[in-house]
> 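Take this structure, written in structure tokens, and hold onto it; I'll ask about it next.
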Amino acid sequence: MNRPETTINRLRQRGALSVITPLLLLIVITLTVMALDGARLYSLRSDMQAQVNVAAQAAAGEAQACGGQAPSTALVQQRALAAAAAQGFQGAAEELEVQLGVIDDTDNDGVVAFAPVNIIEQSNAVLVSYTRTEPISMLLPQSVFGGIDISVNAAVRKEVVATVSAAGSTAGVGGDATLLGSLLGVVLNQPGFSLDPTDLNSLENTTVQLGDLLTAVGVDDLVDLLALDASELAAAIGDVGDVTAPVADLLDDIVTAQGIDTVKVGDIINVVENASVPASSEFPVYDLVISLVLNLAEQQQAGAGGLLSLPLTINNLSVPLIANINSVDLGLNVGEPPTVAVGPARQDADGEWVTRFYAPDVTLQLSAQVELLPISLGPLLTFSLADLTVPLAVNAGGGEGQLISADCARGRSNSVEFGVNLEREVARIVTGRLGPGGELLPERLEANVGRLSLLSGLLPPIEGILYLNAEVEGEVPGVEETVFMDPRYNLYCDPIEGCDQSQHNDLGDGLSGLDLDITVHEASLLRSNFGLINLTPLLTPIVDPVLVLLNDVISSLAEAVINPLLRTLGVGLGGISVNVSAANQDGIQLIENIAVEQPDQ
């Protein structure tokens, strides 16, 4: 029988169980404790992540790209700490690390990273980091199991992207749009081209959506659109824009204009740092058309000796003192066409504002022969106050602007306040002409004051009681000014009630700042076929009122001919305007546990 052996085996098993069972219980208890501690640590980490998430979102609204007129690092930190505390953060303020930086869309490798910056003006994002040390176990001895560092971070990018331009104005086109029509006629090789101001006024607040343009030209994104020929942009505007038939015909003519194949859409629309531009973004049609035209003019003037000649037929101009304009020759030189810029309100790494827009850099040459106040008493006497040949060369000064602030929409606020820095260059006007590069070359004007004819055909006419050879120079000083757009830009409009979204502000007082200086080089009395009679002592009381007359005539020509044309192109003589035609705040981005770029050593 094997009973003794069986008994021995049972005793051995009982002895093994007495040893294994406590070990198994210990293992089970340990695993349970670790599971509880793991759940606790996971929950703690989730709470910490939620705290840095809300802190980063609150703080990002105060970074440069959204912080309004006076963003500050202190305010960014205050917003982050207050939001985290509301979410349950109970640590010391220094435990919550807040960094300003940039998250942009320039990388093509698909990796999104946060790049820290040292000055707030360069920021569009905030990174909030939080690290705390916790015991691995709350039940097991810390001296044995030690502690663990839990680190979380979150970065939030928040910025508004605006479409800004130095907008032209149809208000300056004139009664029959002769001035702008003449420019278009030359550029399009259609002499006598005419425009109805009513048609142009329809473009004043007309915009076209990016998504519609992309569909019309058959590309997927804005990057592809910018690489296309400008002719395709013109065709797309005509197809999808809400424009009148004459303007649509104008766009058709631009499509086939000489030199259009050398102009790219990127020459007209400047998108900053591949900024994210949603399909709903809108571009101002008038500004796009004017930029197209001036880009064409710039291409064509190279073959025209650096100056485009614009023959004008002046009709019904209300010009004080001028009874008749016998002829006007106008020339145009385009130094730089205007741009429509799309981007945020912040600086780059070099401290330059990234969203910059330009008014057109143009110079004009005008030569006018005018007659002042003619009087006729039949064959016995004809008299005119003055016959003038006025050669004028005008540098409009141009200018540029930068988008420097945006007070983003938040909470119940649906609007954005934009701040724009505008810089208007010195505008100059002289008697003279333009050189091949658009430079002003001073010349003298001739004035015969008091042309008199007695017994017409019998006696030689007196060409002028007073003959003047003079030079005129004047300028409007340059101005730099920061403008905060008022009212604020509405990001959303009720589809039924609607709202006015576009913004328009002017800088400069125009011709009211024009100060003309007239230098007389020669003055003689009684100029006739018999020669000049020099009565210099008698000239002083006569010349002074004549100089006042010349000043008024030149100012009138500038007001009636030069300034209206310049205003249609986006810059008046001594003035610049800015237009915000679209804005979107869709670029809000929350990234948890984001990689942080290390600065180059």
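Excluded from the calculations below are hydrogen atoms, water molecules and symmetry mates; all remaining heavy atoms, backbone and side chain alike, are included.
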> Between Leu296 and Ala257, which heavy-atom pair has the shortest distance, and what is it?
CD1-CB, 3.8 Å
> Looking at Arg356 and Glu423, is any side-chain nitrogen of the basic one under 4.0 Å from a carboxylate oxygen of the acidic one?
no
> Please tell me if the side chains of Leu222 and Val342 come closer than 4.5 Å, counting only heavy atoms from C-beta onward.
no
> Are any side-chain N or O atoms of Gln585 and backbone N or O atoms of Ala409, one a donor and one an acceptor, separated by less than 3.5 Å?
yes
> For a 4.5 angstrom cut-off between non-hydrogen side-chain atoms, does Asn333 reach Leu307?
yes
> Is there a side-chain contact between Leu392 and Ile429, using heavy atoms and a 4.5 Å cut-off?
yes
> Is the shortest heavy-atom distance from the side chain of Val76 to the side chain of Ile120 under 4.5 Å?
yes
> Is there a side chain to side chain contact (heavy atoms under 4.5 Å, CB included) between Val126 and Leu100? Walk through the geometry before answering.
CA-CA 5 Å; Val126 171; Leu100 288 162; 3.9 Å; yes
> Evaluate the side chain to side chain contact (heavy atoms under 4.5 Å, CB included) criterion for residues Leu250 and Leu188: first the C-alpha distance (whole Å), next the side-chain angles of each, then the deciding distance (0.1 Å), finally the verdict.
CA-CA 9 Å; Leu250 166 61; Leu188 302 176; 3.6 Å; yes
> If we ignore angles and hydrogens, is there a donor and acceptor under 3.5 Å between the side chains of Ser165 and Asp287?
yes
> If you take all heavy atoms of Leu292 and Ala230, which pair is closest and at what distance?
CD2-CB, 3.5 Å
> Would the distance check show the side chain of Gln365 and the main-chain N or O of Leu434 forming a donor-acceptor pair, the cut-off being under 3.5 Å?
yes
> When you compare the side chain of Asn53 with that of Glu592, does any pair of heavy atoms fall below 4.5 Å?
yes
> Looking just at side-chain N and O atoms, do Asn421 and Glu480 make a donor-acceptor pair shorter than 3.5 Å?
yes
> Just how far is it from atom CG of Leu440 to atom CG of Leu364, taken to the nearest 0.5 Å?
10.0 Å
> Apply side-chain hydrogen bond (donor to acceptor under 3.5 Å, both in side chains) to Gln69 and Asp407, showing your working.
CA-CA 7 Å; Gln69 298 184 24; Asp407 181 12; over 6 Å; no
> Take Ile269 and Leu288 through the test side chain to side chain contact (heavy atoms under 4.5 Å, CB included) and record every step on the way to the result.
CA-CA 8 Å; Ile269 302 173; Leu288 294 178; 3.9 Å; yes
> I need the minimum non-hydrogen distance between Phe357 and Ala341, along with the two atoms involved.
CB-CB, 4.1 Å
> Find the distance between OG1 (Thr339) and CG (Leu294) and round it off to the nearest 0.5 Å.
11.5 Å
> Counting N and O atoms only, with roles assigned by atom type, does the side chain of Ser291 sit under 3.5 Å from a partner on the main chain of Pro338, one being a donor and the other an acceptor?
yes
> Kindly give the heavy-atom pair with the smallest separation between Gly478 and Val426, and that separation in Å.
N-CG2, 3.5 Å
> What pair of heavy atoms forms the shortest contact from Ala55 to Ala80, and how long is it?
CB-O, 3.3 Å
> Any side-chain heavy-atom pair from Leu228 and Leu233 closer than 4.5 angstrom?
no
> If you measure from OG1 on Thr256 to CG on Leu251, what distance do you get to the nearest 0.5 Å?
11.0 Å
> From Asn295 CG over to Ile260 CD1, what is the distance, rounded to the nearest 0.5 angstrom?
8.0 Å
> Ignoring hydrogens and angles, tell me if any N or O in the side chain of Asp348 forms a donor-acceptor pair with the backbone of Asp350 under 3.5 Å.
yes
> Within the structure provided, determine whether Phe114 and Ile591 are in side-chain contact (heavy-atom separation under 4.5 Å).
no
> Between the main-chain N or O of Leu308 and the side-chain N or O of Gln300, is there a donor-acceptor pair closer than 3.5 Å?
no
> Can you find a side-chain donor-acceptor pair between Gln402 and Glu352 that sits under 3.5 Å?
no
> Got more than 12 heavy atoms from elsewhere within 6.0 Å of CD, Glu439?
yes
> Give me the atom names and distance for the closest heavy-atom approach of Thr163 to Glu282.
OG1-O, 3.7 Å
> So, the side chain of Asp221 versus the backbone of Asp224: is there a donor-acceptor pair under 3.5 Å, distance only?
yes
> How long is the span from the CZ atom in Phe283 to the CD atom in Gln209, to the nearest 0.5 Å?
10.5 Å
> Could you tell me whether the side chain of Gln57 reaches within less than 4.5 Å of the side chain of Lys158, counting heavy atoms only?
no
> Please answer whether the main-chain N or O of Gln347 pairs with a side-chain N or O of Gln64 as donor and acceptor at a distance below 3.5 Å.
no
> Return yes if some donor-acceptor pair links the side-chain N/O of Arg410 with the main-chain N/O of Gly61 below 3.5 Å, else return no.
yes
> For the backbone of Asn124 and the side chain of Arg346, can you confirm whether one donor and one acceptor N or O come within less than 3.5 Å of each other?
no
> Tell me which one of Val265, Asp239, Val240 satisfies side chain to side chain contact (heavy atoms under 4.5 Å, CB included) with Leu213.
Val240
> So, taking the atom named CG in Asn270 and the one named OG1 in Thr355, what distance separates them when rounded to the nearest 0.5 Å?
8.0 Å
> Does the pair Val217 and Leu225 meet the rule for a side chain to side chain contact (heavy atoms under 4.5 Å, CB included), with working shown?
CA-CA 8 Å; Val217 299; Leu225 176 65; 3.9 Å; yes
